[in-house]
2 protein chains.
Amino acid sequence: MKSVTLKDVAKAAGVSYATVSRALSGSPQIGSDTRERIIKLCDEMGYTTNYVARSMVMKKTDLIGLVVPSIDNQFMSELAYYAEMSARAHGYNIMLCNSGPDLKQEKTVVKILLGRQVDGILIVPQSPKTYENIKAYTDQVPTVFVSENLRDQPQSYVAADNSRGTYIGTKYLYDLGHRDILYFGRRHSTTHQLRAEGYMKACQELGLKQRFYNSEYSRSSIAHGYEMAKELFSHPIDYTAVFASTDSNALGLLKAADEMHISIPDQLSLIGFDNISATSLPRLELTTIEQPKRNMAIQAVDMLRDKIENGTQGYVHQILLPTLIKRSTCRAL
Amino acid sequence: MKSVTLKDVAKAAGVSYATVSRALSGSPQIGSDTRERIIKLCDEMGYTTNYVARSMVMKKTDLIGLVVPSIDNQFMSELAYYAEMSARAHGYNIMLCNSGPDLKQEKTVVKILLGRQVDGILIVPQSPKTYENIKAYTDQVPTVFVSENLRDQPQSYVAADNSRGTYIGTKYLYDLGHRDILYFGRRHSTTHQLRAEGYMKACQELGLKQRFYNSEYSRSSIAHGYEMAKELFSHPIDYTAVFASTDSNALGLLKAADEMHISIPDQLSLIGFDNISATSLPRLELTTIEQPKRNMAIQAVDMLRDKIENGTQGYVHQILLPTLIKRSTCRAL
DNA sequence: TCAGGAGTCGCAAACGTTTCCACTTTTTTG
DNA sequence: CAAAAAAGTGGAAACGTTTGCGACTCCTGA
């Protein structure tokens, strides 16, 4: 269990441990013969440099804190995957924290991460209030937000262009011949407000009537989409397509439609948003708008690295374009 | 960016920094009046203890390395969720690594984790060869494996009782009246061998004929399940139920069945394994065997903590019972 | 022969903690 | 009331590394 230190290999090599350190770090001020000898010896003795000691003197941990509401969520786990890959490729490691159900938890984990001396924090906010919640810490360490739109805040973030996503989607529906399109789902939270706006903008441009259906406290879940849709379908259906603010809600609506024998897409076209993995499943095949998760993750760690390594001040808002994924829940009229 | 240290608050409080350290750590050998004064001061000055310095002297990082083939995977992200929660509740943080596509990557990240001085490692193996692959490191740090069955290896692990899972499932099918049950999918890798064994045992006890269908290099994916199933259905269907070794494969089979107008469950009952989240989706509703992921995660970190904190030697094999989730792809004959 | 420079290498400080030991002050006890 | 015990505090070492600076060796050229 006792690991071998610099001092150990120094002793074995008959040099000072400064020399060993330099040999490993590729310092130019060292003989190439001794360097090789030492490197070989390190290998034999199974020496690996102790990162916590190193961090101590370098005042840099090469650690990035990743805080997500809960990693057990398609969007976030996918994001985490690419973030970790990209970070590691650049010599960083990821410290993972679930910011749990409430803001208190979120603040706690950020505090922990600070104590751990992470070089930067990547956070996907759990609510629009997150910014205020951790404001006190974001100036102590480079931070970039992912996926929640902080528009007016002086904070770096990368996000999908939600507004453009719904715009593209309704345009697609229009081109398919639909003239009565219902927007279904959440409208509060910045993200969902933007999605609604994209729909509204498209309607305006195309001369369509804007029609919304949502309950005040709607959440993005299949169960809730189902409940909402059952309520919705109890009224006459005087629209030919619905744009769900979220894939989960769309899936819930799908379930309700099945039960009520409303055929999708024959009677009703349906389009969602997020491209969660479930949408590509057999029997589902939901047409949707994809958030470019891979790019978001990569851009986010790039931004963070820039802040860390170059000390870049200020902030940048990186907006990525979503794309339409055509599957089989929409049909031409 | 410059954070406040022990020395800073010591100066402000007019005491030595040993005293401040003691006040914070709740040492008994300190006056309760000075303790309160110091704690209040720390709060005001926004002091948080530097964990890397602390780790240095304590020779303990309170860090657990979590290595998974890829976090963007239902099973693993869910596992990671519970593991992180449980770990943090006990004062540990999680360092996340994807062990990537190959064994080389897996070895690399384990090495990194060792350099980071993690107190322990939680690893879900990417292949049966994982054990051999990282053998050299597992005796340098407490390690527990998750979900791959290392039966004969002197290594701690927690896993679902795969064999029992398939046993329960086929028994269920039998009780429903099925007498011709086909086992569909992978059979190599320890896990899947065990699953196959459970099916075989049930068949033996119940006097059923064992029937297998699989391709040599089958993987657990919907696409592959689909391909296999198309091939399968090109032969006459002289069985009334199929047990898929994996939910993903089951879903692929479902898709093929739909295309060939084979009705499930009317013509064919279907049962999967894993209870991935997709199985509970509308239109799918796959009957399956659930791995108790939450329990697995919690047990795993408990085992690891025991090794870390109590220096427990030896190894334990923790086998958890899977449960049958009845949904709508099975019907009584 | 020797000054001086290039090329190597060692010494020691520093990073921010925790904790052992010693020391001072206060309290208890005989 | 003196001595011993207890309580509270400070000094300093230690953890394993990086790196500035000084020192040493060796060689070149005058």
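Because only heavy atoms are used, hydrogens play no part in the values below, and waters and symmetry mates are left out as well, while side chains stay in. Residue numbers start from 1 in every chain, and the chains themselves are labelled A, B, ... in the order their sequence lines are given, proteins ahead of strands.
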Subject >> A:Lys307 versus A:Ser156, side-chain donor and acceptor atoms under 3.5 Å >> reply: yes

**OP:** Check the side chains of A:Asn93 and B:Arg116 for a donor-acceptor pair under 3.5 angstrom, ignoring hydrogens and angles.
**Re:** yes

Please state how far atom [atom1] in [X] lies from atom [atom2] in [N], giving the value in whole angstrom units.
X	N	atom1	atom2	answer
B:Ile30	D:dA7	CD1	C1'	11 Å
B:Arg35	D:dA7	CZ	C1'	13 Å
B:Tyr51	C:dT17	OH	P	12 Å
B:Asp62	C:dT18	CG	P	12 Å

**OP:** Would you check if A:Cys97 and A:Leu66 make a side-chain contact, meaning some heavy-atom pair closer than 4.5 Å?
**Re:** no

Original post:
Short question: side chain of B:Ser55, backbone of B:Tyr51 - any donor-acceptor pair under 3.5 Å?
Top reply: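 At least one qualifying donor-acceptor pair exists.
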
Original post:
Given B:Leu320 and B:Gln299, is the side-chain contact (heavy atoms from CB on, under 4.5 Å) satisfied, shown in steps?
Top reply: CA-CA 9 Å; B:Leu320 299 177; B:Gln299 296 266 10; 4.1 Å; yes

Original post:
For B:Thr130 and B:Ile123, what are the C-alpha separation, side-chain angles and deciding distance, and is it a side-chain contact (heavy atoms from CB on, under 4.5 Å)?
Top reply: CA-CA 9 Å; B:Thr130 290; B:Ile123 180 171; 4.0 Å; yes

Subject >> Side-chain N or O of B:Thr34 closer than 4.0 Å to phosphate OP1/OP2 of D:dT9 >> reply: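 For D:dT9, OP1/OP2 do have a side-chain N/O of B:Thr34 under 4.0 Å.
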
Original post:
Using a cut-off of 4.0 Å between protein heavy atoms and nucleotide atoms, how would you tag nucleotides 11-19 of chain D 5' to 3' with B, S and -?
Top reply: B---BBBBB

